[in-house]
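Just so you know, residue 1 is the first one in the sequence shown, and it goes up from there. Given the structure is predicted, the values throughout are model-derived calculations rather than measurements.
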Amino acid sequence: MSGNQDGIGVGLIGFGTIGTGVVKVLKDNAAEIEQRLGFPLRMVRIADLDQDTDRGVDLTDIRFDADASALIADPNVHIVIELIGGYDVPKKFILEAFEAGKHVVTANKALLAMYGREIFGTASEKGLDIAFEAAVGGGIPILRSLREGLAANQIETVLGILNGTTNYVLTEMESTGEDFDVVLKRAQDLGYAEADPTFDVEGIDAAHKLALLTTMAYGAEVVFEEIPTEGIRGLLPLDFELADDFGYKIKLLGVAKCHRGDGGTERIESRVQPTMVPKTSMLANVDGAMNAVEVIGNAVGPTLYYGAGAGEMPTASAVVGDLIEIAREIKRGEAGPVAPLSYLPQHIVPKETVPASEVLGRAYLRFTAKDEPGVLSRITGALGEEGVGIASVVQRESGTGADTVPVIVLTQTASEAALGAALEEIGKLAEVTEAPRVIRIEKDV
Ligand code: HSE
């Protein structure tokens with residue numbers, strides 16, 4: 001597959017928000033792209049079941065129909081972009097594209113996190129490229145940085161704000177005091193959210209991205225379902241108010257760390273959780289749909305990558321960047337040689353994980369308790385029994401005439417195991433009427 005004198009042809013399956021952005025970038029920046037490549041990169045064909053919606057882009061010279069298989073088979077299409085989302089249908093088309101000898105660009109982190117072994121394995125067998133920069137951090141070239149710029153390092157930590165929708169929701173709730181559902185709807189209207197926004201809200205999208213980052217950072221085969229994951233649903237204005245009082249902001253963080261022991265042993269800790277970070281930290285000031293990822297390498301030290309984590313044009317920027325890289329390789333006759341996950345496939349192996357119970361940290365705990373004498377001491381007593389030290393306690397008056405009140409505790413550093421045992425005991429107290437809300441505190445960001 002070498003392209004022809006008209007340049008490299010691209011076919012797009014899935015003409016939604018990001019696909020529309022890709023068509024715009026290829027058209028608007030055609031001259032710059034050709035100057036960089038030395039030949040044009042053309043969108044020649046698009047497939048989508050929805051033929052009616054006006055996407056507001058010029059489709060002159062682009063064949064647009066609903067036939068994705070015909071697009072894949074079209075000899076003028078050298079690179080297939082998959083932007084459908086979901087699992088079964090895109091997986092079928094990606095494997096069909098490899099079968100037809102086509103390189104693939106996708107933004108589908110859910111698919112890669114779940115079925116990466118098969119997809120990356122097939123691409124490697126066939127000597128084809130699978131590029132997915134848009135899958136993590138929207139427009140931020142974080143995957144290329146990990147795979148190439150930081151390849152000399154033992155990576156110690158990868159940590160960041162990996163989901164634009166939830167960061168937008170948290171930022172807006174904090175600054176406007178609006179309800180969660182109102183703000184989420186706005187994020188969806190702005191084109192940030194996944195087709196199923198549960199993936200954003202429950203932390204699943206961030207966990208998909210963290211799974212890819214963890215594999216690329218440590219050569220670790222990650223079982224996505226085993227990443228401890230908590231979302232942002234159920235956070236209240238009170239949590240933002242108290243976070244502010246205590247000197248923190250609330251962010252949904254994805255964290256992966258490698259615990260290296262004697263004899264070269266490696267254990268991987270990974271999690272996605274709403275987290276309080278000091279107001280003065282850089283991550284606290286990453287607002288709206290922006291993302292930021294910090295990578296600490298043993299040679300380079302801390303590095304930070306910041307940019308738009310979602311949205312039409314930033315995500316299209318990443319997709320087209322992948323197209324350009326593959327087009328260069330096709331012209332050099334060398335497409336497919338770089339390990340897409342940074343490690344060679346045979347070197348991506350299962351690694352021991354650090355059990356959540358061993359993880360140490362501080363936490364903000366919000367209990368809902370009956371407004372009765374002695375409740376506070378029973379809660380703090382249960383924490384003390386398990387060796388969980390207390391840094392601060394606040395009890396608010398209900399102010400609404402309700403017979404329950406919020407009780408807030410900030411803990412000292414404790415293990416998740418000790419905290420879990422204390423919460424189990426507190427859950428048994430008749431005076432505690434709801435499950436507690438736990439927000440971890442990360443000071444070292
Ligand atoms: N729904 C994702 C987000 C889109 O909000 O970050 C970008 O992956």
Side-chain angles (χ1 to χ4, degrees), residues 1-13 22-23 25-45 61-62 71-83 93-108 112 116 119-136 139-153 212 215-216 219 315-348:
M1 173 83 35
S2 60
N4 54 37
Q5 63 197 20
D6 292 331
I8 298 288
V10 176
L12 166 66
I13 307 176
V22 170
V23 174
V25 172
L26 283 174
K27 284 227 185 253
D28 295 351
N29 298 348
E32 287 81 0
I33 292 170
E34 185 166 350
Q35 279 171 14
R36 288 185 178 124
L37 280 173
F39 53 85
L41 187 59
R42 293 189 208 289
M43 178 66 72
V44 294
R45 193 160 175 161
D61 297 333
I62 300 176
L71 177 152
I72 290 166
D74 188 328
N76 294 314
V77 171
H78 306 108
I79 310 170
V80 173
I81 310 172
E82 179 280 305
L83 294 176
F93 288 139
I94 288 175
L95 295 177
E96 208 173 302
F98 290 151
E99 209 45 54
K102 308 290 168 83
H103 306 281
V104 171
V105 175
T106 179
N108 195 332
L112 296 178
I119 290 170
F120 290 114
T122 310
S124 166
E125 262 168 38
K126 306 243 174 226
L128 292 164
D129 259 326
I130 167 99
F132 52 101
E133 185 64 68
V136 181
I140 309 172
I142 177 63
L143 301 186
R144 194 158 286 130
S145 300
L146 259 181
R147 189 172 49 231
E148 292 163 31
L150 300 175
N153 287 265
L212 289 168
T215 298
M216 292 182 72
T315 312
S317 159
V319 171
V320 177
D322 279 347
L323 293 175
I324 291 170
E325 184 179 356
I326 296 175
R328 284 180 174 138
E329 291 173 359
I330 291 174
K331 282 292 177 180
R332 272 207 318 266
E334 286 182 2
V338 177
L341 287 167
S342 189
Y343 288 79
L344 291 170
Q346 63 272 28
H347 295 152
I348 295 175

Before giving the answer on side chain to side chain contact (heavy atoms under 4.5 Å, CB included), spell out for R147 and M216 the whole-Å C-alpha distance, their side-chain angles and the decisive distance to 0.1 Å. CA-CA 7 Å; R147 189 172 49 231; M216 292 182 72; 4.0 Å; yes

Applying side chain to side chain contact (heavy atoms under 4.5 Å, CB included), can you list everything that pairs with T122, at least two apart in sequence or on another chain?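 Only L95, F98, E118, K126 meet the side chain to side chain contact (heavy atoms under 4.5 Å, CB included) criterion with T122.
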
If the condition is side chain to side chain contact (heavy atoms under 4.5 Å, CB included), which residues does I326 pass it with, not counting sequence neighbours?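 Counting only residues at least two positions away or on another chain, I326 forms a side chain to side chain contact (heavy atoms under 4.5 Å, CB included) with I79, H103, V105, D129, A131, I330.
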
side-chain hydrogen bond (donor to acceptor under 3.5 Å, both in side chains) partners for T106, two or more places apart: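 Applying side-chain hydrogen bond (donor to acceptor under 3.5 Å, both in side chains) to T106 gives E82.
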
Test of understanding: with side-chain hydrogen bond (donor to acceptor under 3.5 Å, both in side chains), list the residues that count as partners of E96, not counting sequence neighbours.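 S69, K92.
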
Partner residues of E34 under the salt bridge (Lys or Arg N to Asp or Glu O under 4.0 Å) criterion, sequence neighbours left out: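 In terms of salt bridge (Lys or Arg N to Asp or Glu O under 4.0 Å), with neighbours along the sequence ignored, E34 is linked to no residue.
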
Restricting to salt bridge (Lys or Arg N to Asp or Glu O under 4.0 Å), what partner residues turn up for R144, sequence neighbours left out?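 Counting only residues at least two positions away or on another chain, R144 forms a salt bridge (Lys or Arg N to Asp or Glu O under 4.0 Å) with D322, E325.
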
Side-chain heavy-atom pair [X], [Y] within 4.5 angstrom cut-off:
X: F120; Y: I348; result: no
X: V44; Y: I62; result: no
X: L37; Y: I324; result: yes
X: I72; Y: V77; result: no

For S145 and P141, indicate whether the former's side chain and the latter's backbone hold a donor-acceptor pair under 3.5 Å.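 Yes: the side chain of S145 pairs with the backbone of P141.
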
To check you understand the geometry: which heavy-atom pair defines the closest contact between N76 and D74, and what is its length?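 Result for this residue pair: N-OD1, 2.8 Å.
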
When rounded to the nearest 0.5 angstrom, what is the spacing between CD1 in I130 and OG in S124?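 One finds 12.0 Å between CD1 of I130 and OG of S124.
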
Taking atom CD of E148 as the centre, report whether more than 12 heavy atoms of other residues, nucleotides or ligands fall under 6.0 Å from it.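 Result for CD/E148: enclosed.
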
